[in-house]
Amino acid sequence: MSTPRLGWSAHAWAGHPLVLERRLKDVLLLGLSALVPAACALAVTLAFPTASLLLVLGGIAAALGIVALVMCSRLEVTVAVLVLYLGLLNGPVKLLLPARQVTASVQDVIILAVCLGAVMRMAVQRQRVHFPALSGWVLAWVVLVVVNAFNPRTEGILHVLGGFRQQLEFVPFFFFGYVLMRSKRRFRQLFIIVGVIALANGAVAAYQTKLTPDQLASWGPGYQALIHPEGTQGSGRTYSVEGEGRVRPPGLGSEAGFSGAFGHIALPMCLALLAISRRRKWVAALLCVGTTVAVVVGLGRLPLIGAGLGVLAFAGLAALAGRRFTRAMGALLAIVVLAIPAGALLVSALNKGTFQRYERIGINSETALHKESAWNKIPKYVATSPLGFGLGNSGAVSGFGGHSNNLIEGHGLTSESEYNVLVKELGAPGLVLWPVLTIYVVALVARRMRGIRDGDLALCLAGTIAALAPFPIEGFSGFISASTASGPYFWFAIGVAAYWFVGPGRAQASLTPRREDAPTAAA
């Protein structure tokens, strides 16, 4: 009788290559599971010698979660976790916990973990890599950002890293959209996840509008810095109604108006969900109303205008699809009917004067004139430095590695709008590439929408891509490409359009729709 071999004996490593590969993976997982939490705990202890046990345990749990994301074999699960974190937890983690410089990097680590896990799976399975459709545009953007690392006006390696983070952090969502969104079931799942996130942000933002600035600032150090910048009692993300200070609610985000920024992207998706739902329509209707509330209580002019334009774009794309247009219009009318009593209840529930900030939304308002003065500086920026003023000199990363010393006539450079930031960091090429890419994708979708023979699929695509159409207009009023809401969505929507209107999905969508809701291709 032969003696049984132990699983980790020396002979076990001389078996079939697949067995060896699996055991190597087990060893790697075991090593990561042991070393990463230990390293994280050591790092937290060294960085914060007086840190509480709860903080150390939280760091260990976060490290284990990162390992799980890397080793998870289902990309749709890891991306869903990433989206839920960005929509629900990213803001509280940044604003509730101390050391915001550290907590702000958590989203970067999670994105990197999801990407690393996907690359490792492709390497282990020896998958052949094919560049998706529209990859040339993405590559052009990446090359433009990398080249500007060598711009003489870029002030040091820390500004380079900050610029890479700001301009390239969400590019992987292009590939997520291309690989994952290949069935109507996936679109429904996306719409529900996004709708729930918007609903939760709307509920929290509505509660925050009832707080005074000091009450919200007491939530944590990040809220204190948001309401009272630099520890002063001055006005931060606040406004005044009859001499009484009111807050611009951040919801579950890290910036004021996050619920509106996320809601205006989610609204066309929820309308599409309502239009294609045959059962439990009340769920889709609830998400639509909740998303509308999220936009309104965000108290941001830009999301409010963007939401209106996004709804119009959804209606237009649905009309181009022909079939199912009546469903889309029925969904719009249903939400209008539901929004009237919901709006009345909302107004009565919130403090008097909460929506007074919208009274100055016109084109002659002080804010509009301020934005116009920022646009007028763009030609001067281009004439002074056609290739830009270097990476990392604007937005949230402007202070990373020290404030930028780039000046024009002794004055700093403004970052009031997307186009101001583009010309500052990427020069005239970036100023052209970003809006041209957006307009090209929207025009491509509009031109080929009639080729989608499945009516429900056409509505899904219209709901997913509709919020992209207003981006070139929204770019005149704010820096949206680095937003936690708009940044990932921008690249994700382009990836979805690349698959269904240029890539393999185009041929599948032109066929007679099938009864079963199976994926059109393996993700």
Side-chain angles (χ1 to χ4, degrees), residues 100-101 104-105 107-108 137-171 225 229-230 254-255 261 302 367-439 471-484 486-488 490-491:
R100 188 174 181 182
Q101 293 83 356
S105 63
Q107 70 179 49
D108 309 324
W137 291 93
V138 181
L139 181 61
W141 178 264
V142 173
V143 169
L144 178 60
V145 174
V146 172
V147 166
N148 271 275
F150 303 95
N151 189 325
R153 290 179 175 267
T154 300
E155 300 175 345
I157 185 63
L158 292 180
H159 281 281
V160 171
L161 295 177
F164 283 174
R165 178 188 184 272
Q166 185 161 262
Q167 301 293 348
L168 301 178
E169 178 180 23
F170 299 125
V171 171
E230 299 180 358
S254 59
E255 284 293 337
L302 181 60
T367 301
L369 295 176
H370 179 66
K371 299 293 184 181
E372 183 179 355
S373 66
W375 311 332
N376 293 334
K377 296 176 182 179
I378 293 178
K380 182 184 293 185
Y381 292 173
V382 175
T384 303
S385 182
L387 298 180
F389 296 85
L391 294 177
N393 60 31
S394 58
V397 301
S398 59
F400 191 51
H403 291 283
S404 175
N405 296 317
N406 285 318
L407 303 174
I408 294 182
E409 299 176 355
H411 298 283
L413 308 177
T414 181
S415 303
E416 287 294 332
S417 72
E418 179 73 33
Y419 299 107
N420 287 98
V421 173
L422 288 173
V423 76
K424 283 174 60 179
E425 297 216 346
L426 304 178
L431 184 65
V432 173
L433 181 58
W434 185 84
V436 168
L437 170 59
T438 309
I439 295 171
F471 270 31
I473 299 175
E474 295 179 48
F476 284 102
S477 186
F479 181 26
I480 60 177
S481 64
S483 165
T484 309
S486 302
F490 175 79
W491 292 107

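This structure is a prediction, so every number in the text was calculated from the model and none was measured. Note that these values count all heavy atoms, side chains included, but never hydrogens, waters or copies made by symmetry. Residues take their numbers from the sequence shown, with the count starting at 1.
Nearest approach of Leu422 to Gly430, heavy atoms of both residues: CD1-O, 3.7 Å. Contact between Ile439 and Pro472 at its shortest, heavy atoms only, is CG1-CG, 3.9 Å. Of all heavy-atom pairs spanning Ser483 and Pro488, the tightest one is O-CD, 3.4 Å. Across Ser385 and Arg153, no two heavy atoms sit closer than the pair OG-NE, 3.5 Å. Contact between Ser417 and Gly475 at its shortest, heavy atoms only, is CB-O, 3.3 Å.
No side-chain heavy atom of Trp491 sits under 4.5 Å from any side-chain heavy atom of Glu169. Between Gln107 and Arg165, some side-chain heavy-atom pair lies under the 4.5 Å cut-off. Using a 4.5 Å heavy-atom threshold, the side chains of Trp141 and Leu437 count as separate.
With values rounded to the nearest 0.5 angstrom, Ile157 atom CD1 is found 10.0 Å from Leu391 atom CG.
In this structure, Tyr381 and Phe389 have perpendicular ring planes: the angle between them is above 60°, well past the 30° mark.
Asn151 contributes a side-chain N or O that, together with a main-chain N or O of Leu387, makes up a donor-acceptor pair within less than 3.5 Å. Here the side chain of Thr438 pairs a donor or acceptor atom with the backbone of Trp434 at under 3.5 angstrom. In this structure, Thr154 contributes its side chain and His159 its backbone to no donor-acceptor pair below 3.5 Å.
Between Phe490 and Phe170, the gap from one ring centroid to the other reaches at least 6.0 Å.
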Take Phe476 and Glu418, measure what side-chain contact (heavy atoms from CB on, under 4.5 Å) needs, and give me the verdict at the end.
CA-CA 6 Å; Phe476 284 102; Glu418 179 73 33; over 6 Å; no
Please report the C-alpha distance between Leu426 and Leu431 in whole Å, then the side-chain angles of each, then the deciding distance to 0.1 Å, and finally whether the side-chain contact (heavy atoms from CB on, under 4.5 Å) criterion is met.
CA-CA 7 Å; Leu426 304 178; Leu431 184 65; over 6 Å; no
Take Phe471 and Ser486 through the side-chain contact (heavy atoms from CB on, under 4.5 Å) test and state the conclusion after the steps.
CA-CA 9 Å; Phe471 270 31; Ser486 302; 3.9 Å; yes
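Using a 3.5 Å distance cut-off with no hydrogens or angles, the side chains of Asp108 and Ser105 do not pair a donor with an acceptor.
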